[in-house]
Amino acid sequence: MSNVFDSMPQVTLPNRTVVSAPQQASASVQSAVQTAAAAPAAVQNDTVEISTASQQKKGPIKSLKGFIANIKKFFSTTSEYVKGGAKGLTSGAVAASVVYTGSQIIKHFAKEGSKLKKLHSVPLSIITGAGVLASNIWTASLNATEKASNIEHRWTGHNK
């Protein structure tokens with residue numbers, strides 16, 4: 001049985017040299033590259049220019065506004081996470097205790113030898129509490145991101 005790919009011609013990719021604009025490659029390196037892998041005539045003159053545009057300095061007013069915005073973002077993010085954590089702990093504790101109590105009641109009224117009598121109360125309540133805590137932390141993360149975005153928009157505007 002023959003392979004389908006045996007009759008296909010080989011595909012070769014053209015070699016290109018990349019020269020940055022501020023630092024031209026030395027002639028010896030460029031000639032070594034050209035002799036090592038000669039490129040087709042159509043591709044031989046391809047160059048890539050890399051521009052290094054320096055960022056403009058911000059004025060004192062924009063710098064002050066950015067500093068204030070960073071402080072506000074830090075405290076709003078911290079407060080959102082603290083609120084979410086506290087709410088998650090209390091809600092998780094309540095949910096875990098409800099699940100534990102409910103499973104204990106089910107175990108109490110279950111018949112001897114039934115599967116309900118072997119219900120694992122503690123792992124179920126721990127998983128429930130951890131799930132409620134995680135969902136509150138997730139919500140706090142979303143709220144913190146939204147507040148930081150609003151502060152950024154108000155204090156620094158649309159930065160590029």
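Nearest heavy atom pair, residue Thr77 against residue Ala148, reads OG1-CB, 4.5 Å. For the residue pair Lys117 and His108, the shortest heavy atom distance occurs at NZ-O, 4.2 Å. Residues Ala96 and Thr128 share a closest heavy-atom pair of N-CG2, 4.4 Å. Residues Val132 and Gly88 approach most closely at CG1-O, 4.2 Å, considering heavy atoms. Across all their heavy atoms, Ser76 and Ile151 have their closest contact at OG-CD1, 3.6 Å. Counting all heavy atoms, side chain and backbone alike, Leu133 lies closest to Leu89 at CD1-N, 3.8 Å.
To the nearest 0.5 Å, atom NZ of residue Lys73 and atom CG of residue Asn150 are 11.5 Å apart. For the atom pair Phe75 CZ and Glu80 CD, the distance stands at 14.5 Å (nearest 0.5 Å). A distance of 11.0 Å separates OG in Ser121 from CD1 in Ile126, rounded to the nearest 0.5 Å. The OG atom of Ser97 sits 12.5 Å away from atom CD of Gln104, with the distance rounded to the nearest 0.5 Å. Between Asn136 atom CG and Ser91 atom OG the span is 5.0 Å, to the nearest 0.5 Å. Atom NZ of Lys72 and atom CD of Glu152 lie 13.0 Å apart (nearest 0.5 Å).
No more than 12 heavy atoms of other residues, nucleotides or ligands shown are found within 6.0 angstrom of NZ on Lys65.
With hydrophobic clusters built from ILVMFWY side chains whose heavy atoms lie under 4.5 angstrom apart, Ile68 does not share a cluster with Ile71. Hydrophobic clustering (ILVMFWY, side-chain heavy atoms < 4.5 Å, transitive): Val99 and Leu119 are in one cluster.
The shortest distance between side-chain heavy atoms of Tyr100 and Val122 falls below 4.5 Å.
Put simply, the side chain of Thr90 gets close to the backbone of Lys87: a donor and an acceptor are under 3.5 Å apart.
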